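Read the structure below first, then the notes.
We count residues from 1, following the sequence as given. This is a predicted model, so every value here is computed, not measured. Because only heavy atoms are used, hydrogens play no part in the values below, and waters and symmetry mates are left out as well, while side chains stay in.
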Amino acid sequence: MVTQITRGIKISVDTTYQPEFSHPENDHFMFAYKISIENLTDSSIQLMSRHWHIFDSNGSHHDVEGEGVVGLQPVIEPGTYHQYVSGCHLKTDMGTMKGSYFMYSLLDGERFEVEIPAFQLIAPYRLN
């Protein structure tokens, strides 16, 4: 698990290889990632959008942008967290992701960026 705090927002990421949804013979490797977004500040925030940078081990890179996460733009109250699970497929059995969430402070209307730490996507058999 990787964790990072930006402006009082703690992002934690845990990943899992999904062999049942992967097809290595077709260069299709599926990974799931679980993210926890914890509000360590004194004001409510809302997650408005996300931007991902996705890399695989053959040098390919692509970006993904969109509103919210898994169809939601959650409000996260002080001292609480929001968790979700999503997935990513790669053309190789190893890669990395990193990115940003764009937040909105319900207290003062400020918009700010929270960094999502880089995390690895690795099929377990590659670790031996």
Side-chain angles (χ1 to χ4, degrees):
M1 179 180 292
V2 296
T3 298
Q4 183 166 329
I5 298 173
T6 306
R7 293 190 55 162
I9 309 302
K10 181 179 178 182
I11 308 295
S12 301
V13 185
D14 197 14
T15 63
T16 307
Y17 176 61
Q18 305 280 285
E20 63 276 18
F21 300 110
S22 297
H23 302 282
E25 67 280 2
N26 296 325
D27 296 329
H28 182 87
F29 300 86
M30 190 69 195
F31 297 88
Y33 53 89
K34 179 173 143 181
I35 296 192
S36 178
I37 304 164
E38 187 174 357
N39 184 354
L40 304 175
T41 73
D42 293 332
S43 62
S44 300
I45 57 167
Q46 184 172 15
L47 190 157
M48 303 305 293
S49 63
R50 71 198 182 286
H51 185 144
W52 287 108
H53 304 283
I54 304 167
F55 305 87
D56 64 26
S57 60
N58 68 9
S60 294
H61 166 255
H62 67 278
D63 288 347
V64 176
E65 296 184 62
E67 289 187 359
V69 289
V70 293
L72 301 173
Q73 290 180 310
V75 171
I76 308 168
E77 302 294 336
T80 67
Y81 62 91
H82 176 79
Q83 284 186 334
Y84 71 95
V85 176
S86 190
C88 173
H89 73 273
L90 299 177
K91 292 184 178 185
T92 62
D93 56 3
M94 293 175 41
T96 60
M97 288 179 67
K98 65 180 181 177
S100 301
Y101 293 126
F102 297 92
M103 302 289 192
Y104 174 76
S105 170
L106 298 179
L107 178 66
D108 60 14
E110 179 187 9
R111 295 182 185 275
F112 61 98
E113 185 176 2
V114 172
E115 188 174 338
I116 303 166
F119 56 93
Q120 296 183 342
L121 304 166
I122 303 174
Y125 60 83
R126 290 294 297 230
L127 298 174
N128 295 327

How close do T41 and S43 get, counting heavy atoms only, and between which atoms? OG1-O, 3.0 Å

Tell me, do V114 and F102 make a side-chain contact under 4.5 Å, heavy atoms counted? no

Can you find a heavy atom in the side chain of T3 that is under 4.5 Å from one in the side chain of K10? yes

Quick one: side chain to side chain donor-acceptor pair (under 3.5 Å) partners of T92, sequence neighbours excluded? S57

Partners passing salt bridge (charged side-chain N to carboxylate O under 4.0 Å, His left out) against D56 (at least two apart in sequence or in another chain): none

Report yes if some heavy atom in the side chain of I45 is under 4.5 Å from a heavy atom in the side chain of V75; otherwise report no. no

Distance under 6.0 Å and angle within 45° of the ring axis: does R50 meet both against Y101? no

Side chains of Q73 and E67 in contact at under 4.5 Å (non-hydrogen atoms): yes

Return all side-chain donor-acceptor pairs below 3.5 angstrom for residues 18-38, not counting sequence neighbours, or 'none' if the list is empty.
from: S22; atom 1: OG; to: Y17; atom 2: OH; distance (Å): 3.4
from: S22; atom 1: OG; to: Q18; atom 2: O; distance (Å): 2.8
from: S22; atom 1: OG; to: M30; atom 2: N; distance (Å): 2.8

Reported CZ-to-CD distance for the pair R126 and Q120, which is rounded to 0.5 angstrom: 11.5 Å

Report whether M103 and V64 are members of the same hydrophobic cluster (ILVMFWY, side-chain heavy atoms less than 4.5 Å apart, transitive linking). yes

Measure the NZ-CD1 distance between K98 and I116 for me, rounded to the nearest 0.5 Å. 11.5 Å

Taking the side chain as C-beta and beyond, is there a heavy-atom pair between T96 and L121 under 4.5 Å? no

Any chance you could measure M97, atom CE, to W52, atom CH2, to the nearest 0.5 Å? 4.5 Å

Are more than 12 heavy atoms, taken from residues, nucleotides or ligands other than H89, located less than 6.0 Å from that residue's NE2 atom? no

Stepwise side-chain contact (heavy atoms from CB on, under 4.5 Å) check, D63 with I54: CA-CA 6 Å; D63 288 347; I54 304 167; over 6 Å; no

Could you measure the distance from the CG atom of L72 to the CG atom of L47? Nearest 0.5 Å is fine. 9.5 Å

Any salt bridge linking R7 with E115? Criterion: basic side-chain nitrogen under 4.0 Å from a carboxylate oxygen. no

At what distance, to the nearest 0.5 angstrom, does NZ of K91 lie from NE2 of H62? 9.5 Å

Honestly curious: do Y84 and M48 fall in one hydrophobic cluster under the side-chain, below-4.5 Å linking rule? no

If you group Ile, Leu, Val, Met, Phe, Trp and Tyr by side-chain heavy-atom gaps below 4.5 Å, do V69 and V85 land in one group? no

Under a single-linkage definition using a 4.5 Å side-chain heavy-atom cutoff for Ile, Leu, Val, Met, Phe, Trp and Tyr, are Y81 and F119 assigned to the same hydrophobic cluster? no

Locate the shortest heavy-atom distance separating G99 from H53; write the atom from each residue and the value. CA-CD2, 4.3 Å

Does some side-chain heavy atom of T15 sit less than 4.5 Å from a side-chain heavy atom of V13? yes

Would a 4.5 Å heavy-atom cut-off, applied to side chains only, mark I11 and P117 as touching? yes

So CG of L107 and CG of D42: to nearest 0.5 Å the spacing works out to 9.5 Å

